[in-house]
Asks: 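Okay, handing you the structure first.
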Amino acid sequence: MSEIKNVGVLGGGLMGAGIAQVAAASGFTTRVREVSDAYAQKARGGIEKRLAGAIEKGKLTAAQRDATLANLSYTTAVSDLKDCDIVIEAVVEELDVKNAMWKELDALCPPRTIFASNTSSLTIAAMAAATTRGDRMVGLHFFNPVPVMKLVEVVKTVTTSSETFTRAFEFAKKLGKEPIAAKDNSGFVVNLLLVPYLIDAINALEHGVASVADIDKGMQLGTGYPMGPFTLLDFVGLDTTYKIAEIMFDEYREKRYAPPPLLKRMVMAGMFGRKSGKGFYDYAVDPPRVSELGL
Ligand code: CAA
Ligand code: NAD
């Protein structure tokens, strides 16, 4: 088994930037591909800010920060990831977008390169089918915020070789994560259970069960969740959650995965949650206040 040294990350958004930060901090040479210089600068700025925060808290030394930053580089060319030993994809939850990038890299990367997707709800099989390296395609599903959350779901699809699965599993451990093995069903393990819960919370709100603040408070204080469902929805991104729900509903044709109309309306209005400044909460003020949703 060839050793993984160079890591490529497609996408420097919420997840891609977190994955790149963790890979670089774990000693891997890491290159992030973003769609534009402006987005690449945003990813870089976010990572630098988090590292500075960790130094301030005394959890990181300046030397460790410098070592992490020295491992990181940014590009806007997908082809610049061609020499990586593993490419981790973390772009928008759209199969066509992901597969266009996999196809491009499939033609450029050497046989040793593993393709790993961080998809929340698409199947790994649907991406493997777009390449000639189905045996080297695997799921590596990280959780948000990546530097904090310990779990990674390692997903083996029908074509994934045992060698690829083992390499990906060991790689997740080298990132300091706790990997679990998951089957290639839409939503893997965690989202299969988490997504219906988030959808139920929106449905409860639409049905007037309680307010945003009280549902959040109820789940946080009544069940010990670190965040209530609406805070978590804003944290994950409503645009991403909407796409995940659509994909899971399409796969299973079960009402429990159907994206609620309110979620659709909010996405149409550009209310994506924290990343756009407004979702179930309005982040223009501190502390954030519950948004007016016309309910
Ligand atoms: N990025 C990086 N680090 C972050 C962060 C972020 N966005 N937000 C918080 N942190 C770090 C803080 O720096 C702090 O680090 P230290 O302990 O080293 O000081 C630590 O997290 C705790 O932060 P806080 O004390 O500020 O806040 P908290 O105790 O409320 O924890 C939280 C924040 C870790 C995000 C916590 O609220 C939590 O666990 N929330 C639930 C997150 C969750 O469920 N994630 C899964 C989402 S679903 C998913 O990812 C899958 C999918 O496909 C959609
Ligand atoms: P995000 O919105 O923060 O970032 C999206 C990324 O996709 C950005 O880097 C953006 O530049 C890139 N992108 C957008 N359009 C593109 C295009 N046409 N071509 C190439 N790149 C494009 O999203 P995110 O939350 O980082 O999610 C990324 C992936 O990770 C998705 O597959 C999502 O399902 C998955 N995921 C998300 C979470 C979460 O909590 N947000 C958790 C686990 C997995």
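Just so you know, ligand 1 is whichever comes first in the structure, and atom 1 is the first atom listed for that ligand. Bear in mind the structure is a predicted one, so any value in this text is a computation, not a measurement.
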Asks: Can you sort out which atoms of ligand 2 are near Lys275, meaning under 4.0 Å from one of its heavy atoms?
Replies: 1 (P), 2 (O), 3 (O), 23 (O)
Asks: Can you list the ligand 1 atoms lying under 4.0 Å from a non-hydrogen atom of Arg50?
Replies: 1 (N), 2 (C)
Asks: Return yes or no for this condition: an N or O of Gly12 is under 3.5 Å from an N or O of ligand 2.
Replies: yes
Asks: Contact between Glu94 and ligand 2, counting heavy atoms under 4.0 Å?
Replies: no
Asks: Which is it for Phe280 and Phe230 under the ring-ring contact (aromatic ring centres under 6.0 Å, His included) test, yes or no, and what are the steps along the way?
Replies: CA-CA 6 Å; Phe280 288 99; Phe230 297 109; 4.7 Å; yes
Asks: Which is closest to atom 39 (C) of ligand 2 by heavy-atom distance: Lys98, Lys42, Met101, Met15?
Replies: Met15
Asks: Quick check: does any side chain N or O of Gln220 sit under 3.5 Å from a backbone N or O of Gly222, one acting as donor and the other as acceptor?
Replies: no
Asks: Short list, please: which atoms of ligand 1 are under 4.0 Å from a heavy atom of Leu194?
Replies: 48 (S)
Asks: Show the atoms of ligand 1 that are less than 4.0 angstrom away from any heavy atom in Lys57.
Replies: 12 (C), 13 (O), 14 (C), 15 (O), 16 (P), 19 (O)
Asks: Find all atoms of ligand 1 within a distance of less than 4.0 Å from any non-hydrogen atom belonging to Met227, and give their numbers and elements.
Replies: 35 (C), 37 (O), 40 (N), 41 (C)
Asks: Please list, in number order, the atoms of ligand 2 under 4.0 Å from a heavy atom of Val91.
Replies: 6 (C), 7 (O), 21 (N), 28 (C), 29 (C), 31 (C), 32 (O)
Asks: Given Glu89, Glu93, Arg33, which one has a non-hydrogen atom that is nearest to atom 32 (O) of ligand 2?
Replies: Glu93
Asks: For Phe142, state whether at least one heavy atom is located under 4.0 Å from any atom of ligand 2.
Replies: yes
Asks: Looking at OG1 of Thr119 and CD of Glu93, how far apart are the two atoms once the value is rounded to the nearest 0.5 Å?
Replies: 3.0 Å
Asks: Just which atoms of ligand 2 are under 4.0 Å from any heavy atom in Ser120?
Replies: 33 (C), 34 (O), 35 (C), 36 (N), 37 (C), 43 (C), 44 (C)
Asks: Distance under 4.0 Å to a non-hydrogen atom of Val97: what atoms of ligand 2 satisfy this?
Replies: 17 (C), 18 (N), 19 (N), 20 (C)
Asks: Give a yes/no on ligand 2: does Glu153 have at least one heavy atom closer than 4.0 angstrom to it?
Replies: no
Asks: Looking at ligand 2, does Gly237 have a heavy atom less than 4.0 Å from it?
Replies: no
Asks: Can a cation-pi geometry be assigned to Arg289 and Tyr281, taking NZ or CZ under 6.0 Å from the six-membered ring centre and within 45° of the ring axis?
Replies: no
Asks: Looking only at heavy atoms of Met15, does any of them come nearer than 4.0 Å to an atom of ligand 1?
Replies: no
